[in-house]
Amino acid sequence: MLVSEIPTPALLVDRARLHANLDAMQARADTMEVALRPHAKTHKSPDLARLQHDRGAKGLTVATVDEAEAFAAAGFDDIRLATPIVGPGKLTRLRALTEAGTRISFTVDTREGARRAAEAFESGPTVEVLIEIDAGYGRCGVPWTETDRIVALAEQVRQSSGLSLTGLLSHGGDSYAGPREGESRDDALRRVMDDERDRVLGVAAVLAEGGYLEPQTAEISVGSTPGVTHFTNREAAGFRVTEIRPGTYVFYDATQVALGAARLQDCALTCIGTVVSKERFDDGTERVITDAGKKVLTADRRAGSETYGTVLYSRRRMIAHPHARVTALSEEHGWVDTPGGSIYDVGDPVLLVPNHACVAVATRRQLYVIDGDEVGEVWETVAR
Ligand SMILES: Cc1ncc(COP(=O)(O)O)c(C=O)c1O
């Protein structure tokens, strides 16, 4: 099958660029002597996860119990949910995975969350938990400065027969905030990553004083894609970061390019749509409407941008169209405006790099893996 024969809208994965991204991140993890536990929510593809493991990835990170079940069913036996697990039935389902032999771990960050986890795992196999630390992002996690609360939570876990404390986990989601005034993009990413690392290592040192963690065995898990592109490791009180958890690095996207974490040529995921209608305005602007709307690109904007992804002039050479912009989306339609006229006719393909690869993938049942102009494979996504 040729790319030109794929029913649109669809998501294409460029195999060569994907492999280059996988190799580069594994090499970075190896150089920094940390395990790479990739976040599978980005690709939702057991086929892709196997490529990560073939290169040396250790375990998988997931965001939901559905993902944990789907990847366990596909044969992955070490799955970390990088979030507190609270909600009807979820802990029971994780317990079933643990009993079936999958190594499951997840985070706790509140007394109530830890209490529920302890209750669910009271009898039977114990489950590994990591205390989630908020190192500056402001989502889940106990703030890194609140060491008394962190110690109290560690003590609660120690007292809970069903739980064992494996280590600490943080997510530097603030790496998406971009540079501060006068700061370069590289310096911003380095700052957020260094802060995350140092804040979590500082908490580990406090927990070591109470005998809750030991440098030889504690797992210290950090990361986001923009951050880990600037990750370096260091030792504090005997502790080092032991694993990084990027997800988006497999594909990158327009947001990662804007942040300076990747180049457009690194983006392995593109959306292909077809021009279904065309209009020309008096000011010379040409508007084409494509069949790629919110239901594939999603409504995700990136900070400071008015467009929904980057329109490509050439997919083969990954060159951005100098003028075409996706100015609006409805569910099944995309507005592509080109001041001065464009190159599109009705029936033409329009290719673009989504703003946010992970949410785009979550809309699709299939990913078309392409080698040049040919479709090499079709991968099914799971747990959408
Ligand atoms: C807890 C957690 N860890 C890791 C990641 C991976 O980060 P990224 O998508 O920047 O690669 C995410 C992404 O949302 C996350 O929420």
Side-chain angles (χ1 to χ4, degrees), residues 18 21-22 24-26 28-29 34-45 48-49 52 57-68 71 79-86 105-109 113 129-142 144 166-178 185 188-189 192-193 196-197 199-200 219-231 241-262 266-269 298 300 302-303 354-362 383:
L18 168 70
N21 294 343
L22 298 179
M25 189 57 80
Q26 188 62 53
R28 181 155 200 95
V34 285
L36 172 60
R37 185 186 281 274
H39 206 314
K41 53 107 202 199
T42 298
H43 54 71
K44 290 180 171 280
S45 159
L48 207 163
Q52 293 174 310
K58 301 259 174 358
L60 283 180
T61 306
V62 300
T64 65
V65 177
D66 283 355
E67 287 174 349
F71 281 98
I79 297 177
R80 177 158 293 163
L81 296 98
T83 183
I85 303 301
V86 182
S105 56
F106 57 90
T107 74
V108 291
D109 69 345
V129 294
L130 298 96
I131 294 183
E132 186 158 346
I133 304 299
D134 174 8
Y137 180 31
R139 192 175 65 181
C140 295
V142 188
W144 84 98
T166 294
L168 301 177
L169 180 146
S170 65
H171 169 53
D174 40 343
S175 59
Y176 284 88
R185 294 188 306 179
L189 296 179
V192 174
M193 187 71 250
E196 182 186 359
R197 177 199 64 199
R199 289 167 181 175
V200 176
E219 295 193 25
I220 309 290
S221 174
V222 302
S224 63
T225 288
V228 298
T229 58
H230 288 63
F231 173 74
V241 170
T242 59
E243 81 175 17
I244 53 174
R245 300 185 322 277
T248 311
Y249 78 97
V250 297
F251 299 139
Y252 292 114
D253 55 27
T255 301
Q256 303 292 337
V257 174
L259 290 167
D266 301 321
C267 293
L269 188 85
T298 78
D300 249 24
R302 60 188 157 79
N355 274 346
H356 189 172
C358 316
V359 289
V361 165

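Counting convention: from 1, in listed order, for ligands and their atoms alike.
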query = What residues form a side chain to side chain donor-acceptor pair (under 3.5 Å) with S105, not counting sequence neighbours?
reply = R80

message = Quick check for you: to the nearest 0.5 Å, what is the distance between L48 atom CG and L22 atom CG?
response = 6.0 Å

request  = Can you measure from CG (D300) to NE2 (H356) and round to the nearest 0.5 angstrom?
outcome  = 6.0 Å

inquiry  = Regarding T242 and E219, do their side chains bring together a donor and an acceptor under 3.5 Å, going by distance alone?
reply    = no

ask   = Looking at OG1 of T248 and CG of L259, how far apart are the two atoms once the value is rounded to the nearest 0.5 Å?
value = 10.5 Å

ask   = Rounded to the nearest 0.5 Å, how far apart are OG of S224 and CE of M193?
value = 6.5 Å

query = Which parts of the protein, at residue level, reach under 4.0 Å of ligand 1 through a heavy atom?
reply = H39, K41, A82, R139, H171, Y176, G223, S224, T225, P226, R245, P246, G247, T248

